[in-house]
Amino acid sequence: MVSRCPVAPLFREGGVAVGTHVRKVTRTFDIRAIDERWRRAWEEEGTYRPPEPSAGPKRYVLDFFPYPSGDGLSVGHARNYVPTDVLARYFRMRGFAVLHPMGWDAFGLPAENEALLKGRHPRDTTREYSANYRRQLQLIGCSYDWAREINTSDPEFYKWTQWGFLLLLRRGLAYRAIGLQWWCPKCRTILANEQVRDGRCWRHGDTPVEQRALEQWYIRTTEYAERLLRDLDELDWPAHIKTIQRNWIGRTERDGTVRYHLHDWLVSRQRYWGAPIPVVYCDRCGIIPVPEEQLPVLLPEVERYEPSGTGRSPLDAMPEFVHTSCPRCAGPARRETDTLDGFADSNWYFLRFTDPHYASGPWNPEAARYWMPVDWYIGGAEQAVMHLLYARFFTKVLYDEGLVSFVEPFVRLRSQGSLLSPKDRVRMSKSRGNVVTPDEVVAQHGADPVRVAVMFIGPFAQDVTWDPAVAAGAARFVRRLYQLLAQRAKPGTGNGEPETEDLTREVRSRLHRLIKSAGEAIERFRFNTLISSLMTFVNEMERWEKQIAGTPLWSEILDTLVRICAPVAPFIAEQAWHDLGREGSVHHARWPDHDPALAHEEEHTVVIQVDGKVRDRMTVPSATPHEAYAPLASVRPRIAPYLHRRTIRDVVVVPGKVVNFVTRGK
RNA sequence: GCGGAAGUGGCGGAACUGGCAGACGCGCAGGCCUCAGAAGCCUGUGGGGGAAACCCCGUGGGGGUUCAAAUCCCUCCUUCCGCACCA
C-alpha cells in the first residue's frame, strides 16, 4: 500500500545564526522531498496501471509518441504531455478505465541521422535517449503505464510492421515502380514527397534535394483519397488541421475528371535504421513476400551502417543478409535491402498499445475492440499531413480487411501551441542554445509548479513565450495550495464556531461550482482557466479560513479540493491526502460529483442600466420573478434621478443578469 | 492572389449563448514583518477629470445592426498559418 511509505519531513527547519542571537526558525516547504517520495511510491505500487481485465466505460488518451532525441525534453514538450496527463488522471478519477501509454518512434531517419552525427550506433542512442525521456516524463509526474512501453525498433514490434506491409502487398496496395525521386544528398536516401519542403530536405533545411531515377516501393494511398477526404467531416479535430489535410489531398475538377493532388506514398528507404521490407526476389518466381511465420526479417547487427550514397541500402553490401532462398521454390533468391519509412511504424502503433506484448498477432483483437479508437490524441500540428494521413489510411485498409470495426483511428485531436524561448522568441532547440529543460525548472521549483506553469502560461493551442516569472508564480500558488490543504488542516486551528446556515450554503455552493467548472475546463482543454479557477478558489478559502477552519464544512472543502487538485498537482495532492489522514492514493480516489442544486447560485448580481449605461447593481434572490426587477431597480437612489421626468419607453430584463431602462426615442 | 485564424491594461491572458470589460497571474506602488535584506502577508493598480460622491473615455482603425457589441455584419490595417511557385 502507498500509505506504508516512509515519512519524510515536509518542512525543513531553517535558521541562520547572526551576531549574538539565533534568528527565529522559519519553516520551509520542501517540495523536492515530496516529489521524490511519491515518484518512487507510484512506481513501486504501479499506481497508474489500469485494472486487468479492464471493464466498463473506457478512455484512450494518447500523446503523439516521440522519437527520442539526444537533446532530451524541453519545457516545451511538457505543454503537450502535462495537459494530456491531467486529462488521463481526471478520467481515471471519474471511474473510467484509462489507457495512457508511452513509447518510442525509434526507427527512421531522424533517429539514424542523429546517431550518425554523434558517430554512434542508433541501437545504443535509442536505448540511452529513451531512458532519459522516460526519466524526464516521470520527473514531471506523467502517469503513463510503463508496463506498456513500446519501441518501434524492437523486433517484437517491427515484426508486425512488416506484417502490415505484406497486408498492403496482398491487397494490391503496394507496388514497385521506377520514378524520378527526390534524393537528399545528406540523408543519402530517397524522400517521400511530404518530406520535401521548398525543394529542400525536411531534416536538412539547408540542403536542396536532387532528382534520381530509381525503382522503389510505393503504397497506393491515392486509392483512398476520396474516403480520406470525406471522413474528415466526422472528426472532432482542429479546423486548420482538417484544412491542411483537405488541401493536401487536393481534389479538383479539370476536364470533367476528378483528380487528386495526393500522391502515392513512397516507402522505400536506402537506409539501415528501419524495418527491412519483407520480400525476396527470385529469378524463377519473381517478387515473393516473406511468409508471415518467417517474420520478422531481422535487421542484421552491423557496426557500419552509414548510407552508401550509391542509391542502395547498407544492407545491400551484406551478402549474408542478401542471399536467401525463395519461400516458394526454395531456389536461390535475393532479399529486398531497402527498409521501410518510419511512418510505417507510427501507422499502427496505437493498436499495439492495447496489448503491447501480444505474441499471436499485431494486436489482441479483444483488447483492440475494447480500447480503440483513440478518444483523445494530442500532439503538434507539424504532423498534420504525414503521420495523421498515413495512420488514417492504414486504419481504413484494416477496416476493409475486416480486422478493425472503425474507419478512423483518432476521434478527437488536439494540438498544443509551441513554447518559444524567452531568449529569441523562436522554438526551443539545443542547436540554437535556447532550451529551458524541465530538469532545471523542477530543480528550482518542484514538479507540480512546472505542471501548473505550462498550463497557466496561455491557452493550450496557442504559441506562447516561456516566462520564468510564471513558474515562480506557479510555485507560490502550489505552496499556498499545499498549506491550505495540509498545514492548517488540523481541527481546532480556526475558531471552529458552528457555521451559520447561510455561510455553509454559500461556501458549499462555491465548492460545487468549482467542481463543475474544473471538470468542464479539463474536457474543453482550457487548462489555463482551470488553473485560474483553482487560484481564485484558494484565494477565497484563505479569506474564509478564519471563520470555518476546524469545522466539518472545512473538512468537506479540503477533502473535495484535494481531489480536484490531484490531476493538476499530483505530488502535493498525494502528500496532502496522507496529511489529511486518508488511506491509499488520492489518484485512486473518486472525482467529486457536483450537485447542480448546490452549485446553483441563490443570489444574482443584477446590473441596472439606463439607456445602456451601467448605473447601479443590485443583489436579488435567484427566484425573483422577472416582473419584479423593474420596480425594485427604479426606486434605487442611484437610479431614480435618472428616471425622473423622463418617459420610460421600454424596459429590458434578462433574469439574473440585467435590467435596462430605455428612455431615449429612436 | 485565394482560404483560414487572430488583434483586449506595462506583460501573459479572462469574459460560456450579444448582458458588470480587464477574472487569474506577472510586474509595479504603498504598507506590515525584519537590525537589514530575502521570503511571506495586507492594500492599490485601464486612461482622464474630481476633495469626494461620482462623471467621461476605453477591447487594431472607420462604419453599421441592437435596449445592449470585445462578441454579430461591412470595410480597412496588422500578425500568424495553409494553399498557390516546388512536391
Side-chain angles (χ1 to χ4, degrees), chain A residues 14 16 18-21 23-24 26-29 180-182 191-202 208-209 211 238-248 250 252 261-263 266 381-382 384-385 415 417-418 422 452-453 455-459 461-477 479-480 483 516-517 520-521 524 526 528-540 542-543 604-618 637-638 641 648-666:
Chain A
V16 187
V18 175
T20 55
H21 65 289
R23 297 280 318 117
K24 188 167 70 182
T26 57
R27 282 149 73 82
T28 313
F29 169 48
L180 278 181
Q181 296 307 329
W182 292 112
L191 301 176
N193 290 336
E194 293 87 331
Q195 290 164 343
V196 177
R197 301 257 170 77
D198 300 324
R200 288 161 198 280
C201 172
W202 65 313
V209 293
Q211 291 217 301
H240 70 280
I241 305 259
K242 288 196 197 184
T243 304
I244 293 170
Q245 287 217 355
R246 285 200 186 95
N247 287 338
W248 190 261
T252 47
H261 186 241
L262 183 74
H263 292 31
L266 175 76
E382 65 277 3
V385 174
S415 282
S418 300
V452 169
M455 290 188 277
F456 186 61
I457 195 163
Q462 189 175 304
D463 288 359
V464 290
T465 306
W466 175 250
D467 178 0
V470 171
R476 274 195 282 275
F477 165 67
R479 184 182 44 74
R480 282 172 47 212
Q483 286 177 347
K516 183 167 186 274
S517 65
E520 285 172 356
R524 294 171 64 193
R526 311 190 47 145
N528 54 333
T529 58
L530 167 68
I531 302 300
S532 70
S533 57
L534 289 172
M535 288 172 165
T536 307
F537 187 80
V538 168
N539 290 345
E540 288 173 10
E542 285 177 342
R543 241 167 270 140
H604 292 297
T605 301
V606 173
V607 170
I608 307 169
Q609 301 178 336
V610 179
D611 292 324
K613 284 187 187 265
V614 179
R615 297 299 182 185
D616 198 6
R617 295 174 177 87
M618 63 178 181
R638 296 260 188 92
I648 300 173
R649 293 170 197 276
D650 197 10
V651 182
V652 179
V653 174
V654 181
K657 296 253 164 107
V658 71
V659 49
N660 187 13
F661 296 97
V662 185
T663 71
R664 274 188 317 231
K666 287 218 73 177

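Basis for what follows: all heavy atoms, side chains included, without hydrogens, waters or symmetry-related copies. Chain A is the first sequence line, chain B the second, and so forth, proteins listed ahead of strands; every chain is numbered from 1.
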Q | Residue pair A:Q245 / A:V385: nearest heavy atoms and the distance that separates them | A | NE2-O, 4.1 Å

Q) Hey, does the side chain of A:H240 come within less than 4.0 Å of B:rG3's phosphate (OP1/OP2), counting only N and O? A) no

(Q) In this structure, how many angstroms lie between the P atom of B:rA68 and the NZ atom of A:K613, rounded? (A) 12 Å

Q.
Within the supplied structure, the quantity of interest is the number of heavy atoms (other residues, nucleotides, ligands) at a distance under 6.0 Å from A:K242 NZ; does it exceed 12?
A. yes

Q) If every non-hydrogen atom of A:D463 is compared with every non-hydrogen atom of A:S418, which pair is closest and at what distance? A) OD1-N, 2.8 Å

Q | Set of residues satisfying side-chain hydrogen bond (donor to acceptor under 3.5 Å, both in side chains) with respect to A:N528, sequence neighbours excluded | A | none

Q.
Could you tell me how far B:rC83 sits from B:rA15 if I compare only their C1' atoms? Round to whole Å.
A. 34 Å

Q: Only counting residues at least two apart or in another chain, list the ones meeting side chain to side chain contact (heavy atoms under 4.5 Å, CB included) with A:N247.
A: A:T243

Q: Indicate the atoms forming the closest heavy-atom contact of A:N660 with A:D611, along with that distance.
A: OD1-N, 3.4 Å

Anything under 3.5 Å between a donor and an acceptor, one on a side chain of residues 529-537 of chain A, the other on a protein residue two or more places apart or in another chain? List them.
| unit_1 | atom_1 | unit_2 | atom_2 | d |
| --- | --- | --- | --- | --- |
| A:T529 | OG1 | A:R526 | O | 3.1 |
| A:S532 | OG | A:T529 | O | 3.1 |
| A:S533 | OG | A:T529 | O | 3.1 |
| A:S533 | OG | A:L530 | O | 2.9 |
| A:T536 | OG1 | A:S532 | O | 2.8 |

Q: Please map the stems of RNA chain B, keeping only stretches of three or more Watson-Crick or G-U wobble pairs with both distances under 3.5 angstrom.
A: B:1-7 with B:77-83, B:10-12 with B:24-26, B:27-32 with B:40-45, B:46-49 with B:54-57, B:60-64 with B:72-76

**Q.** Distance, P atom - from B:rC24 to B:rA36, rounded to whole angstrom
**A.** 32 Å

Q) What's the spacing between A:D467 CG and A:F456 CZ if we round to 0.5 Å? A) 11.0 Å

Q) What interatomic distance, in whole Å, is found between P of B:rU59 and the corresponding atom of B:rC20? A) 15 Å

Q. Considering all heavy atoms of both residues, which atom of A:A453 and which atom of A:W466 are nearest to each other, and what is their separation?
A. CB-CH2, 4.1 Å

Q: Would you name the heavy atoms of A:T465 and A:P422 that are closest together and state the gap between them?
A: CG2-CA, 3.7 Å

**Q.** Distance between P atoms of B:rC41 and B:rG47 (Å, rounded)
**A.** 25 Å

Quick test: give all pairs of protein nitrogen or oxygen and nucleotides 45-52 of chain B nitrogen or oxygen below 3.5 Å, distance rounded to 0.1 Å.
none

Q: For A:V452 and A:A474, work out which heavy atoms get closest and say how close.
A: CG1-CB, 3.7 Å

Q. Which whole-number value in Å describes the distance from A:E542 CD to B:rC42 P?
A. 7 Å

Q.
I'd like to know if the side chain of A:R649 and the backbone of A:T663 have a donor-acceptor N/O pair within less than 3.5 Å.
A. yes

**Q.** Atom C1', compared across B:rC32 and B:rG48: separation rounded to whole Å
**A.** 32 Å

Q | Rounded distance in Å - CD (A:Q462) to C1' (B:rC81) | A | 13 Å

Q: Find the distance A:I244:CD1 to B:rA84:P and express it as a whole number of Å.
A: 12 Å

Q) Is A:R615 touching bases, backbone alone, or none of the nucleic acid, heavy atoms closer than 4.0 Å? A) sugar-phosphate

Q | Anti or syn - B:rG9, cut at 90° from 0 | A | syn

**Q.** B:rG22 versus B:rG12 - spacing of their C1' atoms, nearest Å
**A.** 13 Å

(Q) Between B:rC16 and B:rG63, how far apart are the two P atoms, rounded to whole Å? (A) 26 Å

(Q) Generate the contact string for nucleotides 17-29 of chain B. Rules: B means base contact, S means sugar-phosphate contact only, - means no protein heavy atom under 4.0 Å. (A) --BBS-BBSSS--

**Q.** Nucleotide nearest A:R638 (side chain, heavy atoms from C-beta), chosen from B:rC54, B:rA15, B:rC57
**A.** B:rC54

Q | Value in whole Å for how far the P atom of B:rA68 lies from CZ of A:F661 | A | 16 Å

Q. Separation of A:I241 atom CD1 from B:rG4 atom P, in whole Å?
A. 17 Å

Q: Check the distance between B:rA39's C1' and A:F477's CZ and give it to me in whole angstrom.
A: 19 Å

Q: Give the rounded distance in Å between these two atoms: CD of A:E520 and P of B:rA15.
A: 12 Å

Q: Look at A:R479 and B:rA39 and indicate whether a side-chain polar atom (N or O) is within less than 4.0 Å of OP1 or OP2.
A: no

